[in-house]
Each structure stands twice: as C-alpha cells, then as structure tokens.
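Heads up: the structure comes next, in structure tokens.
Heavy-atom basis, side chains included; hydrogens, waters and symmetry copies ignored.
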Amino acid sequence: MRESNTMQGKSLLERDELFRIGDTEKIWQKYCGFLDLSLEEFMAIQERLLMEQIDLAWNSKLGRKIMGNQKPKSVEEFRRIVPLTTYEDYEPYLSEKREDVLAEKPVFWARTSGRGGSLKWVPYTLRAEEEACKNMIGAWILASAERSHEVNLRLGGRMLFNLPQRPYFSGWLAYSLMKRINFLTILPMDLSERMEFQERIAESFKIALRTGVDYLASLSSILVKLGEDFRDYTSEIKLSWSMLHPLVFFRLIRASLRCKLIEKRDLLPKDLWPVRAIFAWGADTSIYREQILHHWGRIPYEIYGATEAGIIAMQNWNKEWMSFIPYNNFLEFVPEEERLQGQRDRAHQPATLLLNELKEGQTYEIIITNFHGMPFLRYRLGDLLRVVALRDKKTGTNLPQVLFQSRADDIVDLAGFTRLDEKTIWQAIANTGLMYEDWTTRKEYEQNSPVLHLYIELKESREAKEVERAVHEQLKVLDPDYRDLTQMLAAQPLKVTLLSKGTFQSYLEQKRKAGADLAHLKPRHTNAPYEDVEELIRLSSRG
C-alpha cells in the first residue's frame, strides 16, 4: 500500500508566502505570536472578540434564548446578566442539528460524549475550523522547536495519526488540517476511517517501516502501550511477509544490531522512527512524559482543548506549562470556593474571575464563551485547571501558566478533609513503579468510614496489601491533606482489590459488542458507577 498525500489543491502553507520565502520571524508571529502578548494585550483581544460574538449571537434564536431579553453592551454586563450554562441548555436544538437557530451555518458537526453514554453534537463554523487549523499549525511549530522563534516545521513530512476518527472533533481537525498543510499521512485518511483502531495501528506501522515517520500524533496512553509491547510487535513483523521488503529488512536489521551490539538493550520505537515531534494528549500525558521520551525519543507536546471549545491552551517550545490562546473563546474562571458552594447550593450562581485576576497556585473551573459564531455562551466545560505561575520566566511569556488538573466531577472527597482528583491518584500509582494494565476507583464506606477503593489489574504478581501500602505512601507524598487525614484518623483510607489478568480487555470487548460509544469503552478512573465496578469484579472472577 502506498503512502498518501491527503492534500487537495493548494494547502494553507503553500498559499502562505511566508513559508515560501522562509520568513521565520513572521511565521512565528502569525502562528505562535500569542505567546509574545502582554496580559493587557490579551485582555483587549478578548474584549473585542466577545463584543463581536455578542452581536452575532443576538441575531440567532439560540443566542437570544441564552442571553434573555437584554442585549449586553459591555463585558461586565454580559457577565452580570447571562447565566452560566451547560449542554442541557442547548441540547434540544443541537441534538437535532438545528442549523436555523445558529448564528452561522456550520461546515461540520463534531461529536463528543456526555455522562451515561449520551452524545453531544457541536456545530463548527468555517471561521472556527480555520482558527483551529491555524492553532494546530502553531502547535506543530512549537512541538518541533527547541528555542523561542524557531521554525523547524518540515513541509512534506510523514504524519502518523493514532486518534479517534470523524465525527469526533480530533478526527475532523486532522481531516481539516490535512487539507490545508502539505503533510503526507502514512495511511490514507479515507481508508483509516474504515478500519478498527487496532487494525489501523498495525497497518500504519507496517507502512511506516518502509517510509519512516517524521511526526506522530496520538493519545499518550497508546504511545506508552505501544512502547511496552514493541518487542512482541516487531517479532510478529519479522515473521511476516512484510520482511521481504528490502527497506523494512534494512531498517529493522540496522536498528537491531545497533541496539544489541552497541547500546546493549532491546529495540525501541525510537530506533526505527527518529521522529521530529510528538503530539500527545490526555490527562495522563504529564505522568507518561518520561516513558514516552524513553520509548519514542521525544518529549511529548501537549495542548488543552475540548470539542465545545476547540483549542484553549498549548505549551510553549520548552514543553512544560500551557498558555491560553485569546482568539477562540472568551475565558472566565470559577474559584474553588465558589465552585464548592455551587455544589452545596444549586441555586448559587458562582462568581467568576478573568485571566488578569488569577492567582498563582490556585485551581479554577474554566468557563468559555465561543467566538466565530459558535453557539456556547458562558459554558461550563467541567474542567479544573491549576495556575502554576503568572508568567513563564524561562520562555519570557507574560501570561498565566496552567496545567490541566482534573474533571470537576471526578473529585473524590474523603471525610470532607481531602479531595483527590484523577491526576493525583494516577501519579501516585505511577510513582510506585507497578506494572499495571488499567485501574478505577470509587469512594466507598467501611464501618461508616469513607475509603478510596482502588480496583487495579496488574501485569506482575503482587499481593493486594503490598500494592495498598505502596500507593498509600505515594498519596501521602503527593497530597498533604491525605497525609494529614491518615494521621488524624490513625487509619489508612485506601483499599485495593486486584483484578485478574484480562479483566479490562474483557470489559472493553463487551462494551464494544454492545455498541457503546468510544468514550465509554473503559470505566472512569474516578467515581466509577457501581454497576461498572460490579461488572469488573464479575469479569475478574471468570479469569
């Protein structure tokens, strides 16, 4: 099978005179210039685009439904009179793909998943699509850079995607991007969309053994899984007919000899594919950062986004913290105390802050209002972000620096004393060095005392008590409130149940056969529903 150039007609980069003449400074300013903004310049852009969006939304049926009878005349008035919204406020219109109620006609509808298996449909306007593609070009420039204002993006580079296909937003974004930039996809996108995920990965890697890979885009957990299973995968390749291809034979033999004779180690993906940049995403990316570097030879580059919002924030060239992008959404932030008060009192309308009011070290729930004729106004994404610094001294970026913390509804509250999120629990498990397949947790009660119950499938032989002690000690290190709680109660609020080998795979296959949505093939990591845990236990008992 031949590699495919999915570009149709002139690409965005080919049309861009800056790339043709190689004006790297102007390329940087066009695609990554937001990193050089002052906070005052950022806020001015936000205000201008919000007022344009208010005008657009006011002329639509859905916009007026959300805003009410009074058109806001300022940012302050908008924040005062327009309530915070959730998808339920839009669902009657968007679930039926009602284009007549929208501010602008969409060019595509992206799909994402809500709780309980429900679907969310999000309309994307042409301007929002163009801005998202521009953001992604900027992301690839930054992913490929090793210093400020450096542009190493190679046109015609070979791209390997491992991501959900259309109608998911990631699939639409990849499809839109490939129509605009001169990259070569290892596997033709129209073909890959007809394949199952495992089949798509296997076929892509077979082709990549002949062609090589320059750029890699994938979920971080998949990159780690592929790296861990790489020895088995290459063994299968060596025994297959594809080894008869001279390029495959040469690439494998050369890399194998260098690893065994010179470096005295097993073959890794980085030995076959010395990629220029890795684009990864997922709540676990920072946890898997070193593992991805070990297996693939590059530090993964992260962005933060959502189907309802597009790209919200992205890392700088040093691939550490993230900066917000001013051009896609108006940004507001609910402080932790306000969010918790809203949970206790459903009638409470949480107060919000703007970007220039955030404080270092604090966690906030993010609220977005779309620009470019998109539908969502003061919309609660349900994500928590932590402000790690008000500026990045290393890169000279003068904007607040953030990290994704967790989903707002994935917090495990123990005795009202400590609140553990998915990322903290995940990091604690990773820090133990245990080899595991997957895990889930629930808040449960034993003798009227709350416990964090961890259900985990290991890849090695360990005792439950041993795992319990190891994870418990790491939680004490990562979360001071958890440590204080254990001292206060003189008890260990963690319980571990080991699941038999193959439990999570059986669960996934069972859900797939039942026609479950992609996002619900695996149990949630935190606050997993009772029935999901019961099913895992049942499947484990059969193992």
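- For the residue pair Lys65 and Ser60, no side-chain donor N or O sits within less than 3.5 Å of a side-chain acceptor on the partner.
- Applying the side chain to side chain donor-acceptor pair (under 3.5 Å) test between Ser286 and each of Glu320, Glu302, Lys423 identifies Lys423 as the sole match.
- Of the candidates Tyr175, Phe169, Trp109, Trp172, Phe169 is the only one forming a ring-ring contact (aromatic ring centres under 6.0 Å, His included) with Tyr124.
- Glu99 places no side-chain N or O within 3.5 Å of a backbone atom of Pro106 that could act as its donor or acceptor partner.
- Gln505 and Glu457 share no donor-acceptor pair across their side chains, judged by distance under 3.5 Å alone.
- The pair Lys134-Glu129 does not meet the salt-bridge criterion, since no charged nitrogen lies less than 4.0 angstrom from a carboxylate oxygen.
- Here the two rings, on Tyr90 and Phe376, have centers that are under 6.0 Å apart.
- More than 12 non-hydrogen atoms from other residues, nucleotides or ligands lie less than 6.0 angstrom from NZ of Lys97.
- Inter-residue side-chain proximity for Pro300 and Ser220 is flagged as unmet; no heavy-atom pair is nearer than 4.5 Å.
- Listed for the Thr526 side chain is no donor-acceptor partner under 3.5 Å among the backbone atoms of Thr441.
- Comment: Lys120 engages Glu308 in a salt bridge, judged by a side-chain N to carboxylate O separation of less than 4.0 angstrom.
- Side-chain contact, Asn316 with Asp392: no donor N or O sits under 3.5 Å from an acceptor N or O.
- A salt bridge between Asp100 and Arg98 is present, with a side-chain N of the basic residue lying under 4.0 Å from a carboxylate O of the acidic one.
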Practice item. Report the C-alpha distance between Glu52 and Arg48 in whole Å, list the side-chain angles of each, state the deciding distance to 0.1 Å, and finish with yes or no for salt bridge (charged side-chain N to carboxylate O under 4.0 Å, His left out). Key: CA-CA 7 Å; Glu52 290 179 6; Arg48 173 177 60 82; 3.5 Å; yes

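- Lys30 places no side-chain N or O within 3.5 Å of a backbone atom of Trp28 that could act as its donor or acceptor partner.
- Counting heavy atoms from C-beta outward, Thr185 and Phe161 have side chains that approach closer than 4.5 Å.
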Check your understanding: What's the verdict on side chain to side chain contact (heavy atoms under 4.5 Å, CB included) for Ile367 and Leu381, showing C-alpha distance, side-chain angles and the deciding distance?
Key -> CA-CA 6 Å; Ile367 309 295; Leu381 283 171; over 6 Å; no

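- In this structure, Arg166 is not positioned above the aromatic face of Phe108 in the sense of NZ or CZ being under 6.0 Å from the six-membered ring centre and within 45° of the axis.
- For Thr112 (side chain) and Thr307 (main-chain N/O), no donor-acceptor pair under 3.5 Å exists by modelled atom type.
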Review point. Given the rule in the side chain to side chain contact (heavy atoms under 4.5 Å, CB included) test, do Ile311 and Met314 qualify, once you have shown the distances and angles that lead to the verdict?
Key: CA-CA 8 Å; Ile311 312 302; Met314 62 175 66; 4.0 Å; yes

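- Proximity of a side-chain donor or acceptor of Gln165 to a complementary backbone N or O of Leu163 within less than 3.5 Å is detected.
- Checked by atom type, the side-chain pair Tyr379/Thr369 shows no donor-acceptor distance below 3.5 Å.
- Residues Arg154 and Asp214 are paired through a salt bridge, judged by an N-O separation under 4.0 Å between the basic side chain and the carboxylate.
- For the residue pair Asp55 / Gln53, no side-chain donor-acceptor distance below 3.5 Å is found, with atom types taken as modelled.
- Within the 4.5 Å cutoff, the side chain of Leu272 has heavy atoms near those of the Leu252 side chain.
- With a 4.5 Å cut-off on side-chain heavy atoms, Tyr87 and Trp121 count as touching.
- Looking at heavy atoms from C-beta onward, Leu226 lies out of side-chain contact with Pro269 at the 4.5 angstrom threshold.
- Two residues are said to be in side-chain contact when any heavy atoms from C-beta on lie closer than 4.5 Å; Ile312 and Asp383 fail this criterion.
- With hydrogens and angles disregarded, a donor-acceptor distance shorter than 3.5 Å links the side chain of Arg298 to the backbone of Val275.
- Closest heavy-atom contact between Ala277 and Ala143: CB-O, 3.6 Å.
- In summary, the side chains of Asn318 and Thr395 do not present any donor paired with an acceptor at a separation below 3.5 Å, with no hydrogens or angles considered.
- Residue Ser204 holds its OG atom at 4.5 Å from CG of Leu187, rounded to the nearest 0.5 Å.
- Once rounded to the nearest 0.5 Å, the distance linking CG of Leu119 with CD of Glu91 reads 10.5 Å.
- Ser256 places no side-chain N or O within donor-acceptor distance of the main-chain N or O of Ile253, the cut-off being under 3.5 Å.
- Relative ring orientation between Phe279 and Trp281 is described as tilted, the plane-to-plane angle lying within the 30° to 60° band.
- Going from atom CD of Glu88 over to atom OG of Ser95 covers 11.0 Å, rounded to the nearest 0.5 Å.
- Remark: Arg127 does not engage Glu130 in a salt bridge, criterion side-chain N to carboxylate O under 4.0 Å.
- In this structure, CD in Glu131 is found 10.0 Å from OG1 in Thr125, a value given to the nearest 0.5 Å.
- For the pair Arg258 and Asp271, the salt-bridge criterion is met [side-chain N within less than 4.0 Å of a carboxylate O].
- There is a side-chain donor-acceptor pair under 3.5 Å between Gln401 and Ser323.
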Exercise for review: Begin with the C-alpha distance, continue with both residues' side-chain angles, and end with the deciding distance and a verdict on side chain to side chain contact (heavy atoms under 4.5 Å, CB included) for Phe504 and Leu536.
Suggested key: CA-CA 7 Å; Phe504 280 94; Leu536 287 171; 4.1 Å; yes

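- Ion pairing between a basic and an acidic side chain is recognised when a charged N comes within 4.0 Å of a carboxylate O; Arg386 and Asp421 show no such pairing.
- Atom CZ of Arg289 and atom CD1 of Ile287 lie 13.0 Å apart (nearest 0.5 Å).
- A ring-ring contact (aromatic ring centres under 6.0 Å, His included) with Phe324 is found for exactly one of Tyr304, Phe333, Phe330, namely Phe333.
- Classification of the Trp273-Trp296 ring pair by plane angle, with boundaries at 30° and 60°, yields parallel.
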Practice item. Could you walk me through whether Glu228 and Lys459 pass salt bridge (charged side-chain N to carboxylate O under 4.0 Å, His left out), step by step? Key: CA-CA 11 Å; Glu228 291 175 345; Lys459 295 181 178 181; 2.8 Å; yes

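- Taking the six-membered ring wherever Trp is involved, the centroid distance between the rings of Trp426 and Trp439 falls below 6.0 Å.
- The backbone N or O of Tyr168 sits nowhere less than 3.5 Å from a side-chain atom of Arg111 that would complete a donor-acceptor pair.
- A salt bridge links Glu365 to Arg380: one of the charged nitrogens lies within less than 4.0 Å of a carboxylate oxygen.
- In Lys26, the NZ atom is not crowded: 12 or fewer heavy atoms of neighbouring residues, nucleotides or ligands sit closer than 6.0 Å.
- One finds the CG atom of Asn162 at 11.0 Å from the CD1 atom of Ile186 (value rounded to the nearest 0.5 Å).
- Ion pairing between a basic and an acidic side chain is recognised when a charged N comes within 4.0 Å of a carboxylate O; Arg378 and Glu332 show such pairing.
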Point to revise | Stepwise salt bridge (charged side-chain N to carboxylate O under 4.0 Å, His left out) test for Lys522 and Asp438 | key: CA-CA 9 Å; Lys522 297 169 66 176; Asp438 211 338; 2.9 Å; yes

Practice item. Any chance you could lay out the side chain to side chain contact (heavy atoms under 4.5 Å, CB included) test for Tyr327 and Phe371, step after step, and finish with the verdict? Key: CA-CA 7 Å; Tyr327 308 112; Phe371 296 150; 5.7 Å; no

